[in-house]
Amino acid sequence: MDYESMLDKAISELPKKNESQERFVIPKVMGHIQGNKTIISNFHSIAKTLNRDVEHVLKYILKELGTPGELTSNSMIVGSKVSAARINEKLTDYANEFVFCPECKKPDTTLSKEKIATFIICQVCGAKKPVKTIK
């Protein structure tokens, strides 16, 4: 196989580049406080927008807030009163750590667990970096 054909093969196997220039926007949380609990009604759609497992996002948010919580079929229940602004701030932190590529800053990434480490893999530039494990 000559150089030109190997180069053509390599280029054809690269991930497709997202050409759109539209901004990626994390939806703001919608919810209410009920007694001593905070109920976030659009948590599942936020996780879907981030293209992440809802359990992973939940684990991060609850750990960062230092409060218990749970998922229901259509919402997240936080075991204390938490402002929407604080949850939005934690979602932004989550996106910066687990969604945006550390190299090109695009949100087109996936998380991949390999043995004991979890990696963020960019579908645009091909970067692969380890991310911390949420315990």
Side-chain angles (χ1 to χ4, degrees):
M1 194 182 265
D2 69 331
Y3 176 76
E4 291 295 323
S5 59
M6 288 191 298
L7 185 61
D8 290 339
K9 182 180 185 291
I11 290 172
S12 71
E13 291 178 3
L14 284 173
K16 299 296 179 223
K17 193 170 187 178
N18 185 356
E19 296 295 332
S20 71
Q21 294 298 320
E22 58 193 47
R23 285 179 21 134
F24 177 77
V25 178
I26 302 167
K28 299 297 181 199
V29 296
M30 293 188 311
H32 61 280
I33 293 176
Q34 187 175 32
N36 284 336
K37 296 180 180 185
T38 305
I39 299 172
I40 307 301
S41 57
N42 65 335
F43 190 73
H44 288 271
S45 67
I46 292 171
K48 186 175 180 180
T49 300
L50 295 173
N51 195 25
R52 293 295 178 263
D53 179 51
V54 70
E55 294 284 343
H56 191 260
V57 182
L58 174 74
K59 199 172 181 183
Y60 178 86
I61 297 296
L62 295 179
K63 181 176 185 252
E64 289 294 308
L65 294 174
T67 185
E70 63 183 342
L71 283 174
T72 64
S73 61
N74 57 1
S75 62
M76 173 178 98
I77 300 172
V78 180
S80 63
K81 293 180 183 177
V82 182
S83 70
R86 189 146 179 253
I87 296 172
N88 285 328
E89 177 185 307
K90 297 303 177 189
L91 283 169
T92 301
D93 294 345
Y94 177 86
N96 289 333
E97 192 161 339
F98 295 101
V99 177
F100 293 111
C101 173
E103 297 297 321
C104 70
K105 309 297 183 218
K106 300 266 191 226
D108 308 309
T109 60
T110 58
L111 290 179
S112 173
K113 187 157 178 75
E114 299 174 14
K115 295 183 183 171
I116 60 169
T118 303
F119 293 89
I120 186 168
I121 302 170
C122 183
Q123 305 301 308
V124 177
C125 72
K128 179 179 177 180
K129 300 280 184 181
V131 292
K132 74 178 185 179
T133 303
I134 304 170
K135 295 185 179 184

- Side-chain donor-acceptor contact under 3.5 Å, Thr110 with Arg52: no
- Query: Given side chains that start at C-beta, do those of Phe98 and Thr109 come closer than 4.5 Å, heavy atoms only?
  - Reply: no
- Query: Does a side-chain heavy-atom distance below 4.5 Å link Pro102 with Ile120?
  - Reply: yes
- Query: Backbone N or O of Met30 within a donor-acceptor pair of the Asn42 side chain at under 3.5 Å?
  - Reply: yes
- Do the side-chain N and O atoms of Ser5 and Asp8 include a donor-acceptor pair separated by under 3.5 angstrom? no
- Item | Minimal non-hydrogen separation, Thr92 against Ile26, with atom names | CA-CD1, 4.2 Å
- Co-membership, hydrophobic cluster, residues Leu91 and Leu71, 4.5 Å side-chain: yes
- To the nearest 0.5 Å, what is the distance between CD (Glu97) and CD1 (Ile134)? 7.5 Å
- Query: Would you say the side chain of Asn51 lies within less than 4.5 Å of the side chain of Val99, judging by non-hydrogen atoms?
  - Reply: no
- Message: Quick check for you: to the nearest 0.5 Å, what is the distance between Asn88 atom CG and Ser83 atom OG?
- Response: 8.5 Å
- Item | Donor-acceptor pair, side chain of Asp93 and main chain of Ile61, under 3.5 angstrom | no
- Item | Residue pairs involving residues 121-131 (criterion salt bridge (Lys or Arg N to Asp or Glu O under 4.0 Å); sequence neighbours excluded) | Glu103-Lys129, Glu114-Lys128
- Message: Is any side-chain heavy atom of Val78 closer than 4.5 Å to one of Lys37?
- Response: no
- Carboxylate-amine/guanidinium proximity below 4.0 Å for Lys59 and Glu55: no
- Message: I'd like to know whether Val54 forms a side-chain contact (heavy atoms from CB on, under 4.5 Å) with Ile46, so could you lay out the CA-CA distance, the side-chain angles of the two residues, the decisive distance to 0.1 Å, and finally the verdict.
- Response: CA-CA 9 Å; Val54 70; Ile46 292 171; over 6 Å; no
- Heavy-atom pair of closest approach, residues Thr72 and His44: O-NE2, 3.0 Å
- Query: Which of these, Glu64, His56, Glu89, sits in a side chain to side chain donor-acceptor pair (under 3.5 Å) with Tyr94?
  - Reply: His56
- What distance do Glu70 atom CD and Ile77 atom CD1 have between them, rounded to the nearest 0.5 Å? 4.5 Å
- Got a second to check how far Leu50's CG is from Ser45's OG, nearest 0.5 Å? 9.5 Å
- Taking all non-hydrogen atoms of both residues into account, name the closest pair between Ser75 and Ser41 and its distance. CB-CA, 3.9 Å
- Message: As an exercise, state the distance from CG of Leu58 to CD1 of Ile40, rounded to the nearest 0.5 Å.
- Response: 11.0 Å
- Item | Greater than 12 external heavy atoms within 6.0 Å of Lys113's NZ | yes
- With sequence neighbours excluded, tell me which residues meet ring pair (Phe, Tyr, Trp, His ring centres under 6.0 Å) with Phe100. Phe24
- Message: Please report the interatomic distance CZ(Phe43) to NZ(Lys48), rounded to the nearest 0.5 Å.
- Response: 15.0 Å
- Message: Looking only at side-chain N and O atoms, does Ser80 offer a donor or acceptor that is under 3.5 Å from a partner on Thr67?
- Response: yes
